[in-house]
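One structure is given here, and the rest of the page talks about it.
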Number of protein chains: 2
Amino acid sequence: MSQLFSPEAISTARASGKRLRIGELAKATGVTVETLRYYEHQGLLTAPARGDNGYRYYSPENLERVHFILRAKAVGFTLKDIEELLSLEVQRESHTCQEVKDMAEAKLAEIEQRMSELARMREALSTLTDACCGGPMSAEHCTILSALAEGEVHAEHHHHSPDMEALAQKRDSHSSGC
Amino acid sequence: MSQLFSPEAISTARASGKRLRIGELAKATGVTVETLRYYEHQGLLTAPARGDNGYRYYSPENLERVHFILRAKAVGFTLKDIEELLSLEVQRESHTCQEVKDMAEAKLAEIEQRMSELARMREALSTLTDACCGGPMSAEHCTILSALAEGEVHAEHHHHSPDMEALAQKRDSHSSGC
DNA sequence: CTCAACCCTAAAGTCAACAACAAGGTTGAG
DNA sequence: CTCAACCTTGTTGTTGACTTTAGGGTTGAG
């Protein structure tokens, strides 16, 4: 490994400025170098200092910004959201808490929306799997396939109707489901 | 395919034999005509009969298949999954219940995976929003931005550490958070 | 006959968030 | 010097599920 860089080779040699090359920053943050260049291209990272060789040399501030991005991603923000969050972050004084909280709450609502959609799917799917024997015999009378084919799937948005009953009846009445 | 052994099963099973043009099928199923053509292109819909004008004329079986696809989508299957499901559906006898149930359970696991990921995000986000006043004053000391900037976000996979404590302390100690 | 509302095909564009590739320059160890 | 391992730019490809575009034919009412 070649950890040897020239700390003072950069024009503005700051005392505390431990500058990282892109591969080092990548390793330090757990993302790929392509991702870092992509973030820069997208305007999420400000263009870092360059050496005479054209290499990017990242400051600790750049490192912090990458961490900011990753944390924001981890709680569900998109890169586009993060661009907005960063514009709030870099000029905190000229923005309000409300703006920030609004974004967080909007994202929260979005996440809860997606969760309830998934919960709906999970309910429907578990009803289906519960009704299916899963045995090694022919799928000719498989309740899952029949439910998908004949419209007994309890998965439409609102409209929680006698779907499950219909499915349950299938099991009882025919005694053939799966 | 059911059409293999049923050039007349169609006419016998359903005396109606009402064939729809693509726009009618679209209206009947709630998808766009482009989507229907796309499904056909992807092999999810078998090529329907054509008139002398080149128009597609869909049979009731075609309609049923679209419904199958939509129901499968509604419970979380991808189009690729559905292609597989359809191959099971079309030749049920040569497949087992187990195959079908395995697919459903795999999808269920996938959905639960995504749900727990979302739940993790929701926890982190609601902790953040709870800690933020959301008021109209400067975001200078906004706890949300600070948490994102300083790494107090409780959102990494496992590793549930004193993150929330750190966040809570921020509120108490500084008395400035937001 | 005209005109809107249908229908057709093939190909390209969209979104997000990168990954991969081509074609090179730089660095440092051996 | 070579060689691997870095770094550079710009372009294109990936995934999924469509949507849009371009450039046409068909149908039926007025």
Side-chain angles (χ1 to χ4, degrees), chain A residues 1-10 19-45 47-58 62 66 69-86 107 110-111 114 117 121, chain B residues 19-45 47-58 62 66 69-86 107 110-111 114 117 121:
Chain A
M1 282 303 248
S2 51
Q3 291 279 35
L4 287 181
F5 44 83
S6 38
E8 311 302 314
I10 320 299
R19 284 164 183 267
L20 306 170
R21 287 183 315 200
I22 196 166
E24 295 169 324
L25 181 59
K27 217 159 266 174
T29 56
V31 304
T32 69
V33 300
E34 290 81 16
T35 297
L36 291 173
R37 284 193 281 248
Y38 173 71
Y39 285 171
E40 182 181 336
H41 187 71
Q42 295 302 109
L44 295 178
L45 296 179
R50 297 287 186 133
D52 290 344
N53 47 18
Y55 288 12
R56 291 171 178 83
Y57 287 96
Y58 292 94
N62 293 140
V66 176
I69 293 169
L70 295 180
R71 281 180 212 115
K73 261 173 65 74
V75 298
F77 288 107
T78 67
L79 296 190
K80 203 161 179 299
D81 295 330
I82 295 171
E83 206 180 327
E84 205 174 333
L85 277 176
L86 281 168
K107 186 57 58 179
E110 194 184 312
I111 283 171
R114 276 157 56 200
E117 170 80 359
M121 291 178 178
Chain B
R19 282 161 185 270
L20 306 168
R21 285 183 313 192
I22 196 167
E24 296 169 323
L25 182 59
K27 217 159 267 173
T29 55
V31 305
T32 69
V33 301
E34 290 81 15
T35 298
L36 290 173
R37 283 194 282 249
Y38 172 70
Y39 286 171
E40 182 181 335
H41 188 71
Q42 296 301 110
L44 294 177
L45 297 179
R50 296 288 186 131
D52 290 345
N53 47 21
Y55 287 14
R56 291 170 178 85
Y57 287 98
Y58 292 94
N62 293 139
V66 176
I69 293 168
L70 296 180
R71 282 180 212 116
K73 262 174 63 73
V75 298
F77 288 107
T78 66
L79 296 191
K80 203 159 179 299
D81 295 331
I82 295 172
E83 207 179 327
E84 204 175 333
L85 278 175
L86 280 169
K107 186 56 58 177
E110 196 185 311
I111 284 171
R114 276 155 56 198
E117 170 80 1
M121 290 179 178

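Order of the sequence lines sets the chain letters (A, B, ...), proteins ahead of strands, with each chain counted from 1.
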For R37(A) and dC6(D), what is the distance between atoms CZ and C1' respectively, to the nearest whole Å? 10 Å
Among dT8(D), dC7(C), dC18(C), find the nucleotide with the atom closest to the side chain of Y55(A). dT8(D)
Could you give the CD-to-P distance, from E24(A) to dA5(D), as a whole number of Å? 16 Å
Looking only at side-chain N and O atoms, does K27(A) come under 4.0 Å of OP1 or OP2 in dA5(D)? no
If each of T78(B) and E34(B) is mapped to the nucleotide of DNA chain D with the nearest heavy atom, which maps nearer the 5' terminus, i.e. the 5' end? T78(B)
Answer with base, sugar-phosphate or nothing: what part of the nucleic acid does R21(B) contact at a heavy-atom distance below 4.0 Å? sugar-phosphate
Looking only at heavy atoms, what is the nearest atom pair of I69(B) and L44(B), with distance? CD1-CB, 3.8 Å
Other residues, nucleotides, ligands: >12 heavy atoms within 6.0 Å of Q42(B) CD: yes
Does dG30(D) pair with anything, Watson-Crick or G-U wobble, both distances under 3.5 Å, and if so, with which nucleotide? dC1(C)
E40(B) has an atom CD; how far is it from atom P of dT19(D), in whole Å? 16 Å
Please determine whether side chain to side chain contact (heavy atoms under 4.5 Å, CB included) holds for the pair L45(A) and N62(A), giving the CA-CA distance in whole Å, both sets of side-chain angles, and the decisive distance to 0.1 Å. CA-CA 7 Å; L45(A) 296 179; N62(A) 293 140; 5.9 Å; no
Nearest 0.5 Å please: distance from the CG atom of L20(A) over to the OH atom of Y58(A). 9.5 Å
Whole angstroms only, please: what is the CD1-P distance between I22(B) and dA5(C)? 19 Å
OP1 or OP2 of dC18(C) versus the side-chain N and O atoms of Y39(A): is any pair under 4.0 Å? yes
Atom-to-atom span, CZ of R50(A) to P of dT26(C) - whole angstrom: 14 Å
Using a cut-off of strictly less than 4.0 Å, decide whether R56(B) has a side-chain nitrogen or oxygen near OP1 or OP2 of dT9(C). yes
Are any of T35(B)'s side-chain N or O atoms less than 4.0 Å away from OP1 or OP2 of dT19(D)? yes
Take atom CG of L36(B) and atom P of dT20(D), then tell me their distance rounded to the nearest Å. 15 Å
What is the base-pairing partner of dC18(D), counting Watson-Crick and G-U wobble geometry with both distances under 3.5 Å? dG13(C)
By nearest atom, which of the nucleotides dT19(D), dC8(C), dC18(C) is closest to the Y38(A) side chain? dC18(C)
How long is the line joining NZ of K80(A) and C1' of dA16(C), in whole Å? 12 Å
Check whether any side-chain nitrogen or oxygen of N53(A) sits under 4.0 Å from OP1 or OP2 of dT8(D), and answer yes or no. no
If you compare every side-chain N and O of T32(A) against the phosphate oxygens of dC18(C) (OP1, OP2), does one of them come in below 4.0 Å? no
Round to the nearest Å and state the distance from Y58(A) atom OH to dC7(D) atom P. 10 Å
Could you tell me the separation between the OH atom of Y39(A) and the CG atom of L86(A), rounded to the nearest 0.5 Å? 11.0 Å
